[in-house]
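These values consider heavy atoms only, across backbone and side chains, with no hydrogens, waters or symmetry-generated copies.
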Amino acid sequence: MIDPISAFAIAQGAIKGIQAAIKMGKDVQGITNDVMKFFDAKEKVAKEAVKDPKKKYSSDTSQAMSTVMQLHELNKAEEELKWHFINQGHSQLWSQILLERNSIVQRRKVQEILDAKAAKNRKAEIDEAITMGFAFW
């Protein structure tokens, strides 16, 4: 798994690519790959920052500061990206992207809950089979 610092660097690189493409006059379709890299990296920063609190930080406050500042910068970049879509006449496209993202997140969360329940049930079945095996032994 990629660490949050590397993910943040990838997100910054994608932002620079998007900004350069916009300056060159590329439209929304011309920046799609960089936009996808940006969102992938932004999500990794958010997820990975909370996974391992012992990484590279001497205090909880420094970890919080790092995480909050990185996400603040990425949220600012996302807001600028949104306005680029709107200024290009693609506000509806931006709205559709956000709706689809929310739908994907919701489906993923539901699937994670279902998977956790299935794993719990499977563990209970295995425990029961082991107990029954010992009972007959």
Report summary line: CG (Leu114) and NZ (Lys109) are apart, to the nearest 0.5 Å, by 14.5 Å
Query - Nearest-0.5 Å distance that lies between atom CG in Leu71 and atom OG1 in Thr67 - result: 6.5 Å
Requested in this report: Could you tell me the separation between the CG atom of Leu81 and the NZ atom of Lys42, rounded to the nearest 0.5 Å?
Outcome: 10.0 Å
Report task. Give the intermediate values and the outcome of side chain to side chain contact (heavy atoms under 4.5 Å, CB included) for residues Ile18 and His84. Result -> CA-CA 10 Å; Ile18 292 167; His84 177 69; 5.9 Å; no
Query raised in the report: After noting the C-alpha distance and the side-chain angles of Ile10 and Val45, does the key distance pass the side chain to side chain contact (heavy atoms under 4.5 Å, CB included) rule?
Result: CA-CA 10 Å; Ile10 291 169; Val45 168; over 6 Å; no
Query raised in the report: Quick one: NZ on Lys26 to CG on Asp34, what's the gap to the nearest 0.5 Å?
Result: 8.0 Å
Report task. Nearest 0.5 Å please: distance from the CD atom of Gln96 over to the OG atom of Ser91. Result -> 9.5 Å
Query raised in the report: Is there a donor-acceptor contact under 3.5 Å from the side chain of Ser66 to the main chain of Ser62?
Result: no
Report task. With salt bridge (charged side-chain N to carboxylate O under 4.0 Å, His left out) as the test, would you mind laying out the steps for Lys37 and Glu43 before giving the verdict? Result -> CA-CA 10 Å; Lys37 284 180 195 173; Glu43 185 173 315; over 6 Å; no
Report summary line: dist Leu98:CG -> Ser103:OG (nearest 0.5 Å) comes out at 12.5 Å
**Report entry** Heavy-atom check, side chain of Leu74 versus side chain of Phe38, under 4.5 Å
**Finding:** yes
Query raised in the report: Would you call Arg101-Glu78 a salt bridge at under 4.0 Å N-O?
Result: yes
Query raised in the report: Strictly by modelled atom types, are Gln111 and Asp115 linked by a side-chain donor-acceptor pair under 3.5 Å?
Result: yes
Query raised in the report: Charged N to carboxylate O under 4.0 angstrom, Arg122 versus Glu128?
Result: no
Query raised in the report: If two hydrophobic side chains count as joined below 4.5 Å and joins carry through other members, does Val35 share a cluster with Leu93?
Result: yes
Query - Glu79 atom CD: more than 12 heavy-atom contacts under 6.0 Å - result: yes
Query raised in the report: At their closest point, which heavy atom of Ala41 faces which heavy atom of Ala7, and how far apart are they?
Result: CB-O, 3.2 Å
Report task. Quick one: sort the Phe85 and His90 rings into parallel, tilted or perpendicular, breaks at 30° and 60°. Result -> perpendicular
Query - Presence of salt bridge, Arg107 and Glu112, under 4.0 angstrom - result: no
Query raised in the report: Can we say Glu73 and Lys76 salt-bridge, meaning some charged N sits less than 4.0 Å from an Asp/Glu carboxylate O?
Result: no
Query raised in the report: Thr131 side chain to Asp127 main-chain N or O, any donor-acceptor pair under 3.5 Å?
Result: yes
